[in-house]
2 protein chains.
Amino acid sequence: MKLSKTEEELMSHLWKLDKAFMKDLLEEYSEPKPATTTVATLLKRMTDKGFVGYELFGKSRQYFPLVEKTAYFSKHVNGLIKNFFNDSSSQFASFFTKETDLTKKELEELRAIIDQQIKNK
Amino acid sequence: MKLSKTEEELMSHLWKLDKAFMKDLLEEYSEPKPATTTVATLLKRMTDKGFVGYELFGKSRQYFPLVEKTAYFSKHVNGLIKNFFNDSSSQFASFFTKETDLTKKELEELRAIIDQQIKNK
DNA sequence: ATTAATACTCTACATTTGTAGAATCAATTC
DNA sequence: GAATTGATTCTACAAATGTAGAGTATTAAT
């Protein structure tokens, strides 16, 4: 099962906050914020799909993600890669670094990470 | 306007082939292949959305992409990044290189590319 | 010519998505 | 204790998606 684009956005807020009540999630949206009922519907659907859990606090719910961001994202990204880059991660990676506009500092950070990984191979 | 997941898959075939007749596109699918009418519908919708064009060859059409893969992908990826990594490309990049399982060779390739890019900054 | 195969359009239909009002129930405030 | 606020569920509904049959036109094969 997967999330729709809109659900993903909400999910990203939830990942960011880690635990959150409805109102916290609503606050995360920039204007124009969706109606509370809209978010409620989304949360319900996401709960049904098994991506979100909650703990009751008195009468209201504190929601939390049931899937790791990285886990979800890996799957997601791999799908994209398969589709667009005929399954080549490195092709994708080089494309990515070319396309997204990283600053010099970011690039250097990234190189450091890569160096580290090369060392571990 | 954007493509749905299924449309994206078809689009990836089209990008790969660059120009293709219906049957060529159908061949690209692995089993179980969709019905020809399904692909035809998809192609029509994608044409309507302005992602695909075609040239008539006698009675049938040779389809071709009207959007660059990289252009489309940039937009796509940027949306994801925004959602999942709070707008930080470098955060994404480091995540990506950690998560996807690049070989030593691929990593070295990638480092070379990055070095190149650092030089140009 | 008759048939068979192709490509395409039209139509169809169940699901999913995006969005939110109305109603309900509980908590808080005046 | 009456009214307001907040969270949730129910209901609704249009648009988009996934999928493909039926019908039509055209070309190729026999």
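Note that the coordinates shown come from a computational prediction; the quantities given were computed from them, not determined experimentally. Throughout, a chain's letter reflects where its sequence line sits, starting with A, and its residues are numbered from 1. Values reported hereafter were calculated over all heavy atoms of this structure, with side chains retained and with hydrogens, waters and symmetry mates removed.
- Atom CG of Leu56(B) is separated from atom C1' of dC8(C) by 11 Å (rounded to the nearest Å).
- With rounding to whole Å, Leu26(A) atom CG is found 16 Å from dT5(D) atom P.
- Between Arg61(B) atom CZ and dT26(D) atom P there is a gap of 13 Å when expressed in whole angstrom units.
- The interatomic distance linking Leu10(B) (CG) with dT17(D) (P) rounds to 14 Å, in whole Å.
- Relative ring orientation between Tyr72(A) and Trp15(A) is described as tilted, the plane-to-plane angle lying within the 30° to 60° band.
- Between the C1' atom of dT26(D) and the CZ atom of Phe57(B) lies a distance of 17 Å, rounded to the nearest Å.
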Going 5' to 3' through nucleotides 10-23 of chain C, assign each nucleotide B (protein heavy atom under 4.0 Å from a base atom), S (under 4.0 Å only from sugar-phosphate atoms) or - (no protein heavy atom that close).
-------BBBBBB-

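- In this structure Phe73(B) satisfies the ring-ring contact (aromatic ring centres under 6.0 Å, His included) test together with Phe84(A), Phe85(A), Phe92(A), Phe95(A), sequence neighbours excluded.
- Taking Gln116(A) as the reference, Asn120(A) meet the side chain to side chain contact (heavy atoms under 4.5 Å, CB included) condition, with sequence neighbours excluded.
- With sequence neighbours excluded, the residues satisfying side chain to side chain contact (heavy atoms under 4.5 Å, CB included) with Val39(B) are Leu10(B), Met22(B), Leu26(B), Tyr29(B), Pro34(B), Leu43(B).
- Rounding to whole angstrom units, CG of residue Leu43(A) and C1' of dG6(D) are separated by 14 Å.
- Legend: residues meeting side chain to side chain contact (heavy atoms under 4.5 Å, CB included) with Lys23(B), ordered by chain and number and at least two apart, are absent.
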Enumerate donor-acceptor pairs with a distance under 3.5 Å from any side-chain N or O in residues 48-55 of chain B to protein atoms, sequence neighbours excluded.
residue, atom, partner, partner atom, Å
Lys49(B), NZ, Lys2(B), O, 3.2
Lys49(B), NZ, Glu7(B), OE1, 2.7
Lys49(B), NZ, Glu7(B), OE2, 3.2

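- Distance Lys23(B) NZ to dA28(D) P: 13 Å, rounded to the nearest Å.
- Going from atom CG of Asp48(B) over to atom C1' of dA16(D) covers 13 Å, rounded to whole Å.
- Look at Tyr63(A) and you'll find a side-chain N or O under 4.0 angstrom from OP1 or OP2 of dT8(D).
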